[in-house]
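First up is the structure itself, then whatever we jot down about it.
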Amino acid sequence: MMDGKIDWEEIWEKIYDDRMTIMKRDYAVDDWTTRSQDYSESRRSNNYEYGNKVLEVLRKRHLVSSDSQVIEVGSGPGTFVIPFAPHVGHYTAVEPAKGMIERIRENANESGITNYTIIPKIWQEVDVSASREKFDLLLSSTVIWMFRDIMEQVKRMEEVCRGTCCIAAGFGSVSGPELDLWESIMGDIPYPQYPEYPYIYNILYQNGRVPNVEVISSSSIRTAERLRTMYKVFYSLYTDYTPEVEEKITRYLEDHSQDLPEGKRVFREYQTAVVWWNPKQRQAGSN
Amino acid sequence: MTVSINWEEIWERNIQDIASRTTVDYWESRAEDYSDMVLNSAFHHGEQIRQFCFSEGLADSESQVIDIGSGPGALTIPFARNVQSVTAIEPAAQMIQKLEENAKGENLMNIYPLQKTWQEVNTRQFEKSFDLVLCCHSLWHFPDIMVQLKRMDMVSRGYCCIAGGFGTSEDSAYLYKTLRIREMEFDQFHCLFNLLNSKGMRPNVTVLPYETHRSERSAISSMEQVVQKYRPLTSKDTEIIRDYVKSRLKDGIVSSNGLMGLLWWRVA
């Protein structure tokens, strides 16, 4: 099947463990409540450009229909809920952070969306045996880096899915000014890796799945203040958030804000790999 | 702390031997059985790729397409039926002859064969000349894969799409294992997928089903010639191949199903 010498799940675990060794503490659910406003602003950029592009990838393959039952693992502020819900039968959003749940409700209310349910839990706590093959489409966006036991969680995703599983995965590579900021704060400590792709593809492939991929680009537009919250949460996980650290972040945000039609904002463009597969399909010769 | 794997080196190491054995003479001798397969399969895998390219907007009726390693026209013919023109790069004279016969059979006048290896093609002459560059089941001719992919990028003003087997076909894997032919063991798709990503090219991936149908004679001939790339055919080899083909024969035709992996990207 693949180069037998490489164990992709082992590599995934190693990257996870390496990241943990340089963290003061792991992310807590409350961190996502703190981040809900900036995350919501980012995902709402250009009228939910990111979520709409993922929707388009799946719609043009006829994987989304008006009677689809959809579940999402880690819905954040409604990144996919808002673009997808008008085009499906019902949307179930698994999201544990109170702040994110509030943002989903606000954003849904603003868009007149009512065909959704929120399960206020982390994915690992969801009883999948009670929802076996209940959903036509399972979605998850930039969440899987939190799962050390990646195939265990993928198999749980597949268990609730009777149609298509889709993971939107980040490339996780950082360069340029973002890396300069890290080095100015953290010195020689290597930038922590959150690589989801192409690792997830290799893991699925090694486990006999038949995944397709489309790479999309989308923009994120945030005020410096909102982005400051993001950096505060992020750097607090790795170091003491001192006035000196805050000063470096302030300067960085000033340097990278630009005049946009919305006002002074920080503009970023991201690439994301939209990976989807039929959980029942296997490569020939695979178990 | 990211994992550093030299995919270019892995590709080169594994492909060098296959490439050196798969000569133009080899393809001269495969023209008959390969064309038999393509015709008996009604150009199935080429038509699958053609339909995909049209549905994704990689090509349309106005497109000018180049097909690298066209053989008897597995992709060239289905595309030529639907696009403005197809330039077919193919070094084997027998393959070109089959391609011309197959084109004539359908009265297709928009195919331009070039009897050359891809490496011999002057890419400067064709800079940004094509809307779509296709290279299907031919990449094992290129140990210097990145050089050749850059040359493909150079002649494209739209998309590049490279294709090959996805995973392994269970049946052929069993056969080649029995015959101790190792070239099928190297997973070209997986290596190329990682190689392209490691170079920041970030290709899209599409997996398509395909089916092949061929006459008994074509099936036996193709397998015997693969073995002869490695060693003279023994009576034991002949027996294994004939038994295998016989076990799969139905109404005079050997059929098989598989998956193709397409890696495709828009040229910047």
Counting heavy atoms not belonging to B:Lys150, are there more than 12 under 6.0 Å from its NZ? no
For B:Lys246, is the NZ atom crowded, meaning more than 12 foreign heavy atoms sit under 6.0 Å from it? no
Could you check A:Val210, A:Val213, A:Asn278 and say which one makes a side chain to side chain contact (heavy atoms under 4.5 Å, CB included) with B:Val207? A:Val210
Search all heavy atoms of B:Pro203 against all heavy atoms of A:Tyr197 and return the closest pair with its distance. O-OH, 4.5 Å
Surrounding NZ of B:Lys229 (heavy atoms of other residues, nucleotides or ligands, distance under 6.0 Å), is the total greater than 12? yes
If I take atom CG from residue B:Asp187 and atom CD from residue A:Gln206, how far apart are they, to the nearest 0.5 angstrom? 10.5 Å
Minimum heavy-atom separation for A:Glu214 to B:Asn204, with atom names? CA-OD1, 3.2 Å
What distance do A:Asn212 atom CG and B:Leu208 atom CG have between them, rounded to the nearest 0.5 Å? 8.0 Å
For A:Glu10, I'd like to know if atom CD has over 12 heavy atoms of other residues, nucleotides or ligands within 6.0 Å. no
Quick one: are A:Tyr205 and B:Phe189 in side-chain contact, heavy atoms under 4.5 Å? yes
Go through the atoms of B:Asn194 and report whether side chain, backbone, both or neither lie under 4.5 Å from a heavy atom of chain A. side chain
Identify the two heavy atoms, one from B:His190 and one from A:Asn202, that lie closest to each other, and give their separation to 0.1 Å. NE2-OD1, 2.9 Å
Residue among B:Phe193, B:Trp264, B:Trp265 with most heavy-atom pairs under 4.5 Å to chain A: B:Phe193
Decide if atom NZ of A:Lys24 counts as having more than 12 heavy atoms of other residues, nucleotides or ligands within a radius under 6.0 Å. yes
B:Asn197/A:Phe171 under side chain to side chain contact (heavy atoms under 4.5 Å, CB included): CA gap, chis, key distance, verdict: CA-CA 10 Å; B:Asn197 275 295; A:Phe171 286 87; 4.0 Å; yes
Minimum heavy-atom separation for A:Gln283 to B:Phe166, with atom names? CG-CE2, 3.7 Å
CZ on B:Arg202 to OG1 on A:Thr272, rounded to 0.5 Å: 9.5 Å
